[in-house]
Amino acid sequence: MSGKLVGVYRLDTTAVRIDALAEHLDVPWELCYVGSDELWYTLQSGEVWRLNLRDSTKQRLLLIPEVYRYRTLGLLGMTVHKSGENTQAYLIYNKQLDSAHIVSRLVQYTLRGDSLVQPKKLLEWPGNTGHNGARVVYGADNNLYLSAGDRAEGLLAQDLLSPNGKILRLKPDGQIPVDNPFTNSYVWSYGHRNIQGLAIGRNGKLYASEHGDAIEDEVNWIQKAKNYGWPLREGKVYAPQADSSSNRDFTDPLESWTPTVAPAAMTYYKDGPIKEWRNCLLLVTLKGSALYVLQLNEEGNRVVKEQVYFKNSFGRLRGICVGPDGAVYVTTSNRDWNPAPGYPKVYDDRILRIAVAHTSSLGGVIKPAMQVVEKRVDAAALYRNYCASCHKENGLGVEGVFPPLKGNPILNRPTDLFHVVFNGKSPGGKIMGKTYDQAMPGFSFLKDEEVAEILTYISQTFGNNSNVFSATQITEEREKRKK
């Protein structure tokens, strides 16, 4: 299957070509390579499709009418396991029980002919309108590992009686393995916020990518019974909830990012023909709109090098997998609830294939794939890094979700503005006559000059003509709040 050529790119030395194998998809969420020549993918609306790589035909295998799609909810994670003639798909999706209750479900299906049939519910746990986390992988030990988000109630992640904010481990029939670390519990690890990627690496090691709050998105090596800190710690930074008496043994991430990049799916590239990516975790990002390549050491317990490819080339990236020939497949997520500026394009969403290019037969321009990160950070860049993913680059926010900054009266009330910036804001309440249902984290971790730059930028942009702030003013404000 050749697909439609999107471009040819140079990595370090290897040239790769990117082809669009499918277009006009309605938010593909998960992507799995199945057998010798098929890609299976989920659509957030509740459908599972397969793409035949030999003849380019697509076929719907399943429609789940009870899937509840709302913003980040819907049909999400999937893993497919083949054993002889038997093929099972394990799917995670959200269902609304009533106006006040949402659940996440793990359901097993069996392939019969051209359909997934015989649904068997293996597990159900509480969900919410966000922070559901929802990946599932089939481990090297023949157990399933799945991520369950904290459903925006952070302290659940530290509660071993709750499944939320955890990685759960179960047998393929839904039973609890006898060697799980906590008696009669699915919990494998805890202290997680909102895991969006799971990958099995060398020697069966499990890795996870996780959304931080306003800081410290993470990639973790997941180990039995370990506590990864949320909400008491993000990355290596202690959160306000952590008091001095806390003496917990938290596990550090392999890698973390501030400003955040919104990590999504992740896979392991073992020893394929793209030599620069061998023994690497390949991570696609939403806010970062890029492919992050994390080189591991031989033991797989440390990241020794990080490179960023295709930044802002294809919009938000959600799913990723590797084929047996070493080709890498990714999905865009530009028709979801929170698209980047300039998206979606007319062809979105797409499945893209990245494979070694034989440039002698291609001709045309070979583009550099890796971007140099600009070290200088100005006010506009600070705004993009910390604010634009919610309030958008034009300052208009998202209707009913994130309030606009354009014309926002809080800009003329410095005391209230400082309180929100330093302490965050709970969801609900009316702003300019409208209700917005997402919380805002506090940004007290920013330097005084960074806070001043951001607040001045907001107050003097988007048609606003309000205050100008100085670093000295922010310093004084912090001191007043200590008294």
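Since we're looking at a predicted model, the values are computed, not measured.
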Does atom NZ of K205 have more than 12 heavy-atom neighbours, drawn from other residues, nucleotides or ligands, at distances under 6.0 Å? yes
Straight-line distance of E255 CD to D217 CG, nearest 0.5 Å: 11.5 Å
Please check this pair: side chain of K166 against backbone of L156, looking for a donor-acceptor N/O pair closer than 3.5 Å. yes
If we ignore hydrogens and angles and just use 3.5 Å, is the side chain of K311 paired with the main-chain N or O of Y309 as donor and acceptor? no
Between the OG1 atom in T267 and the CD1 atom in I320, the distance rounded to the nearest 0.5 Å is 6.5 Å
Closest contact, heavy atoms only, K305 versus D12: NZ-OD2, 4.3 Å
With sequence neighbours excluded, tell me which residues meet side chain to side chain donor-acceptor pair (under 3.5 Å) with E276. T13, T14
Please check: side-chain N/O of R193 versus main-chain N/O of G212, any donor-acceptor pairing under 3.5 Å? yes
d(D37 CG, L51 CG) to nearest 0.5 Å is 10.0 Å
Taking every non-hydrogen atom, the tightest pair across M266 and A199: O-CB, 3.6 Å
Please test W257 against E306 for side-chain hydrogen bond (donor to acceptor under 3.5 Å, both in side chains), starting from the C-alpha separation and ending with a verdict. CA-CA 11 Å; W257 294 271; E306 175 187 323; 3.1 Å; yes
Strictly distance-based, threshold 3.5 Å: is any side-chain N or O of Y269 a donor or acceptor partner for the main-chain N or O of I274? yes
Can you list everything that forms a side chain to side chain contact (heavy atoms under 4.5 Å, CB included) with S115? Sequence neighbours excluded, please. V117
S104 side chain to Y93 main-chain N or O, any donor-acceptor pair under 3.5 Å? no
Do Y9 and F310 have ring centres separated by under 6.0 Å? yes
Looking at A265 and L283, what are the two nearest heavy atoms and their distance? O-CD1, 3.5 Å
Give, for atom NZ of K58 and atom CZ of R50, the distance between the pair rounded to the nearest 0.5 Å. 14.0 Å
Tell me which pairs pass ring pair (Phe, Tyr, Trp, His ring centres under 6.0 Å) where either residue lies in residues 104-136, with sequence neighbours left out. none
Pairs involving residues 169-196, ordered by first then second residue, that meet ring pair (Phe, Tyr, Trp, His ring centres under 6.0 Å) (sequence neighbours left out): Y145-W188, H192-Y228
Could you check whether any side-chain N or O of N94 sits under 3.5 Å from a backbone N or O of G74, counting only pairs where one atom can act as donor and the other as acceptor? yes
So, does H81 use its side chain to make a donor-acceptor pair with the main chain of N86 at under 3.5 Å? no
Sub-3.5 Å donor-acceptor pair from the side chain of S147 to the main-chain atoms of R135, do we have one? yes
Considering all heavy atoms, the nearest V187-S162 contact: CG2-O, 4.3 Å
Specify the closest pair of heavy atoms between D349 and N334, including all atoms of both residues, with the distance to one decimal. OD1-N, 2.6 Å
List the steps and the verdict of side-chain hydrogen bond (donor to acceptor under 3.5 Å, both in side chains) for E216 and T258. CA-CA 5 Å; E216 293 296 275; T258 299; 2.7 Å; yes
Any side-chain heavy atom of Q196 sitting closer than 4.5 Å to one from R318? yes
Would you say K270 has more than 12 foreign heavy atoms packed within less than 6.0 Å of its NZ? no
Rounded to the nearest 0.5 Å, what's the gap from CD on Q108 to NZ on K121? Could you check? 14.5 Å
Can you tell whether the side chains of D179 and R169 come within less than 4.0 Å, N to carboxylate O? yes
K406, NZ: over 12 other non-hydrogen atoms inside 6.0 angstrom: no
For Y329, ring pair (Phe, Tyr, Trp, His ring centres under 6.0 Å) partners two or more places apart: Y33
Which heavy-atom pair separates P404 from Y436 by the least distance, and what is that distance? CD-OH, 3.3 Å
Sequence neighbours excluded - ring pair (Phe, Tyr, Trp, His ring centres under 6.0 Å) pairs with any residue from residues 50-74: none
To the nearest 0.5 Å, what is the distance between CG (L122) and CG (L106)? 5.0 Å
Using the ring of Y343 (Phe, Tyr or Trp, six-membered ring only), decide whether K345 places NZ or CZ under 6.0 Å from its centre and within 45 degrees of its axis. yes
